[in-house]
Each structure stands twice: as C-alpha cells, then as structure tokens.
Amino acid sequence: MNKVYLNGEFVDASEAKISPMDRGFLFGDGIYEVIPTYLGKPVGLRLHLERMKSGLNDVGINYEISIDEWADIIHELISQQPSGSQGVYMHVSRGTDVKRFHAYPKNIAPTVFAYAFDTPPSQVATSEKVNGFHVTTGRDLRWQRCHIKSTSLLGNVMHFQQGQDAGVDEMILYNENKEITEAAACNVFIVKNNVIYTPPLDNHLLPGITRRIAIDAIKQYTDYEMREETITLDALLNADEVWITSSSKEIGPVLSIDGKAVGYGKKGPIWVDAQNAYNKHKFSC
C-alpha cells in the first residue's frame, strides 16, 4: 500500500489518522495545493509553494517549510507510483484543539498532509486523444475571498455538482454584472479575433498557477496578444475559442457552452499554439 505524508512521517494510507477535533475537519480551516508532476518533474513548484505561503499568511496559520523540503516530500511520494503522470495534494490545516471554538486557538501545531495520485498524461496539442470539455454557465454564489486557496470548498463543490447534474464537465461562473469570474475548479480564457483574454486577478478568482504559466508561455513563445481584461458573459458566449485551465487539465479546450458549440465545436488553432507554448514553459517556473 502506498504511503502518505502526515506530520513529518511517511505512513501507510490506511494507518494515517487525523483527530476529528482537527480544525480542517471541523471548519475547513486550512490551505491546500495540488502540484502536477510528469516523469518526476513538478510543474510550477516554486509558484505553488509561494501561493501556499501567501494563503497561510492570509488566514494566520504559522507554518514554515522550505521549497527543498517540500521537493523531497514530493519526490518520495511520487517514487511509490509506477505512473509517469501524478498529482501531489498538499494540505496544511490550523491543527487540533481541545474544543470546537470559532476563534483561532493559540499554541497548536498545524496538521500537514500530502499524498500522490495518478493523473492524465501531459497534453500533446496535435494528438487526437486530447479531450475537449463541455460546460454550462451560472451565477457565482461563493464567498468573496476566492483568491485564498482554502480547503473550505463547499461553494466550489456545489457549483461543480451543478455542472455534473447538467451532464457537462464544468460550470463557468459570472457575477451580478454578468462578468466572468472563473469556473468551479478552473480559470477561464477566451479568444476573439486572434486576441487572448482572461479575467484580471482579484478576490473573486483564484490566482491559478496553470493560468500564470499559460500567460507567461503565450507571451514568450507566441505572437498573440494576451490581455488580462474583464470578460462579459456575452463575450464568453460569442468567443472564437474558450479554454479552462487547471493543474489537471493544463489548457483545456471548451467545445460547447450551455449546449451551443464554441466556434466550430472543435479544438481551435490558437489553443494548439497555446498548449504547445505551455509545454515548452511549464518546467521552468
């Protein structure tokens, strides 16, 4: 049986125990990251860990670990799996208290957990095996601090389930002004007239690491104009191409929205160039 990392030790998954008084269990009081790896190489390791540190600071969890220490943990976890494509889930909760009380307790140690799991291989843009995605749209009803990658994911889970109930892969969300924020588990890009757009970062969307790598890769390896600008729902529905990005999907082409084809209902030519650029850049961050 594969081992997981829990509070400084590698233990069998079946033997790993966390107290029901842990605030991660009681309140979703924690921060997490998911880091993709391919052939033993993590994607965006420094960026993921910087975001985790920022999130921990935002919620007042005192936990310090170096990039090299996390890298050692990641390599130990993925060495147990035969697959060349794995994700590593990393979770730091505030820790275990003696009572359930909303205020942050003092002098408790964070709970630190990580494990590896198989993921799809990296996308080859010219491959016919690359799947496109079908999505629906809906009003964003989550909390107002979506820039924090908190383990309190019920709002995202409920929106994602709305998509599942509608028989599609994801749900793209918009605010009260019908401006796109993000998807339930992804960031969003559109293409119109050979210009690539993605919503600017604010507290309504997660600063996705795949989003960041994609933007940098497009600027470095293509000639397309890349803009971080507000995207309206109307612009989304009339885009030439739409993409959703995440650690597991990389740059995922969207084929339909609310049952209507995006463009010609196929993977677009600019997506091919963007995914190729992403593949060139993803291990340099």
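In this text, all values refer to a predicted model and were calculated from it rather than measured experimentally. Hydrogens, waters and symmetry mates play no part in the numbers below; they use all other heavy atoms, side chains included.
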For [X], check ring-ring contact (aromatic ring centres under 6.0 Å, His included) against everything at least two apart and list the hits.
| X | value |
| --- | --- |
| H134 | none |
| F101 | none |
| Y32 | Y89 |
| Y197 | none |

Fill in the blank from the handout: By side-chain hydrogen bond (donor to acceptor under 3.5 Å, both in side chains), E182 pairs with (sequence neighbours left out) R142
Problem - Partners meeting side-chain hydrogen bond (donor to acceptor under 3.5 Å, both in side chains) with T136 (sequence neighbours left out) - result: D258
Handout entry: Pairs flagged by salt bridge (charged side-chain N to carboxylate O under 4.0 Å, His left out) wherever residues 167-181 is involved - sequence neighbours left out
Key = R139-E176
Partners passing salt bridge (charged side-chain N to carboxylate O under 4.0 Å, His left out) against [X] (at least two apart in sequence or in another chain):
| X | result |
| --- | --- |
| E76 | none |
| E69 | none |
| D29 | R23, R94 |

Can you give the donor-acceptor pairs under 3.5 Å from side chains of residues 37-44 to other protein atoms, not counting sequence neighbours?
{"unit_1": "T37", "atom_1": "OG1", "unit_2": "Q86", "atom_2": "O", "d": "3.0"}
{"unit_1": "Y38", "atom_1": "OH", "unit_2": "E250", "atom_2": "OE2", "d": "3.3"}

Fill in the blank from the handout: For residues 145-177, the ring-ring contact (aromatic ring centres under 6.0 Å, His included) pairs (sequence neighbours left out) are none
